[in-house]
Protein chains: 2
Amino acid sequence: MNPDQQPLRTSRTPRAVQIVAAARDLLEERGRDELTMRALAERLGIRAPSLYKHFRNKEAVEAALVEDALADMGTALHTALAGASPTDRVPVLLAAYRRHALAHPALYRLATTGPLPRAALPERLEEWAGSPFFLATEDPHLAQALWSYAHGMVVLELDDRFPGGSDLDLTWQAGARAFTEP
Amino acid sequence: MNPDQQPLRTSRTPRAVQIVAAARDLLEERGRDELTMRALAERLGIRAPSLYKHFRNKEAVEAALVEDALADMGTALHTALAGASPTDRVPVLLAAYRRHALAHPALYRLATTGPLPRAALPERLEEWAGSPFFLATEDPHLAQALWSYAHGMVVLELDDRFPGGSDLDLTWQAGARAFTEP
DNA sequence: TCACGCGGCTAACAGCGTTAGCCATCTCTC
DNA sequence: GAGAGATGGCTAACGCTGTTAGCCGCGTGA
């Protein structure tokens, strides 16, 4: 477990890079339901079956998006913690998590909902992306609990599940306080 | 806001009750992807278009399932809290939440993921189902934070997102401790 | 020069939600 | 008892989805 060094990335052909970029744009612009093989191909100026020359199936395209999402989130969290004083780590981490997730909502949902395509991901990427929670809490179980809290907040906020008029800033603060040693 | 009295339920014809029951069985047995109008009809011995004599579309069938899921979860949580001493409320509530969600995983996911079909739900059902979190914390923001934590834990556990070998009992305990006044 | 592979293409299939239109049966009213 | 209308089935079909089979033009290396 070496959380300081960023893990390897899956290698992609130049065309595959273009496809993933187009898929990401399409996902964020139109939502997950409209990320179809035909719409993706159209955005690239080709027909849907041609995509299968570059990716085995749609799941493989999504796995590439998940990989990018994990890498981006990991970078955001590690960067945020690097500039935080030891007593501020939990609120700083939570703020970075929330900001990053809400800035790329559809990609966040794609990467964190449903089963993780672990077989298609680089070796230690998942662990590295989550390690900031351990760095902030210094306890493995509390780290998982804090991560669950952050994920639950984001996902409920994205789905508009909180009662209307809720001041979510205060709710995030209440959670941060609960997870900070008194 | 009267959390003690269970809210009204949507009225259903006898045939609609049968359809929802079949949909629930199908959902839990085969998963969300296989809950299709054709498969649901087949289980009832009819053809898919006939379902539209009873529900406007698939979304309406799912809304009925969501209503049942919320009512069941609300009952489970209120019942659990009724038998808890004031100091035990948070861990008792979390245990009941986890147990109930994991006992009906597909229904839980259907009811808590994506936008809530509020227009199709009885008036105060959503609020009533969530009120145990307020009863356990006596603070609205802490209640929302605790609910987010519980939802995050359940959803990550259902999706097998925690590292292999994690002792989730300990993680639940760590979270319960964080949300309990010291 | 020629083979070969890369990366396009069209046609097509099965499965999805959904609609249109038809028809048997049951019940209520006169 | 007779007719009317609602109820709840049905088939056929449409447009969408992911995906496969099979074809072909072009660029590159031997």
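First the proteins, then the strands, lettered A, B, ... as listed; each starts at 1. Reckoned from all heavy atoms, side chains included, excluding hydrogens, waters and symmetry mates. Nothing here was measured: the structure is a model prediction, and the numbers come from that model.
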Determine: side-chain N/O of B/Arg38 to OP1/OP2 of C/dG15, distance under 4.0 Å, yes or no.
-> no

For atom CD of B/Glu62 and atom C1' of C/dC16, their distance in whole Å = 13 Å

Please state how far atom CZ in B/Phe55 lies from atom C1' in D/dT7, giving the value in whole angstrom units.
-> 16 Å

Residue pair B/Ile46/A/Glu59 against DNA chain D: nearer the 5' end by closest nucleotide is B/Ile46

Here the distance between atom P of D/dC10 and atom CG of B/Leu44, to the nearest Å, is 10 Å

Atom OH of A/Tyr52 and atom P of D/dG18: how far apart are they, to the nearest Å?
-> 6 Å

D/dG22, D/dG18, C/dT19: which one has an atom nearest the side-chain heavy atoms of B/Pro49?
-> C/dT19

Picking from D/dT11, C/dT10, D/dT19, which would you name as closest to the side chain of A/Arg47?
-> C/dT10

Could you tell me whether B/Thr36 contacts a base, only the sugar-phosphate backbone, or nothing, with contacts defined as non-hydrogen atoms closer than 4.0 Å?
-> sugar-phosphate

Just to confirm, is there a sub-4.0 Å distance from OP1 or OP2 of D/dG9 to any side-chain nitrogen or oxygen of B/His54?
-> yes

Where does the angle between the aromatic ring planes of A/His78 and A/Trp128 fall among parallel (under 30°), tilted (30 to 60°) and perpendicular (over 60°)?
-> parallel

Please confirm whether B/Tyr97 and B/Trp172 have ring centers closer than 6.0 angstrom.
-> no

Within the structure shown, what part of the strands sits under 4.0 Å from A/Lys58 by heavy-atom distance: base, sugar-phosphate, or nothing?
-> sugar-phosphate

Would you kindly give the CD-to-C1' distance between A/Glu42 and D/dG18, to the nearest whole Å?
-> 17 Å

With sequence neighbours excluded, residues passing side chain to side chain contact (heavy atoms under 4.5 Å, CB included) with B/His54 = B/Arg15, B/Ile19

Find the distance B/Asp33:CG to C/dG17:C1' and express it as a whole number of Å.
-> 15 Å

Candidates D/dC23, C/dT18, D/dG9 - which lies nearest the side chain of B/Ala48 = C/dT18

Establish, with yes or no, whether the OP1 or OP2 oxygen of C/dG7 is under 4.0 angstrom from a side-chain nitrogen or oxygen of A/Ser50.
-> no

Could you state the CZ-P distance from B/Arg56 to C/dT18, rounded to the nearest angstrom?
-> 10 Å

Separation of C/dC9 C1' from A/Leu51 CG (nearest whole Å) = 13 Å

Can you get from B/Val92 to B/Val90 by hopping between Ile, Leu, Val, Met, Phe, Trp and Tyr side chains that sit under 4.5 Å apart?
-> no

For DNA chain D, whose closest nucleotide is more 5', that of A/Met37 or that of A/Lys53?
-> A/Met37

Verify the cluster assignment for A/Leu168 and A/Leu102: are they in a single hydrophobic cluster under the rule of side-chain heavy atoms below 4.5 Å apart?
-> yes

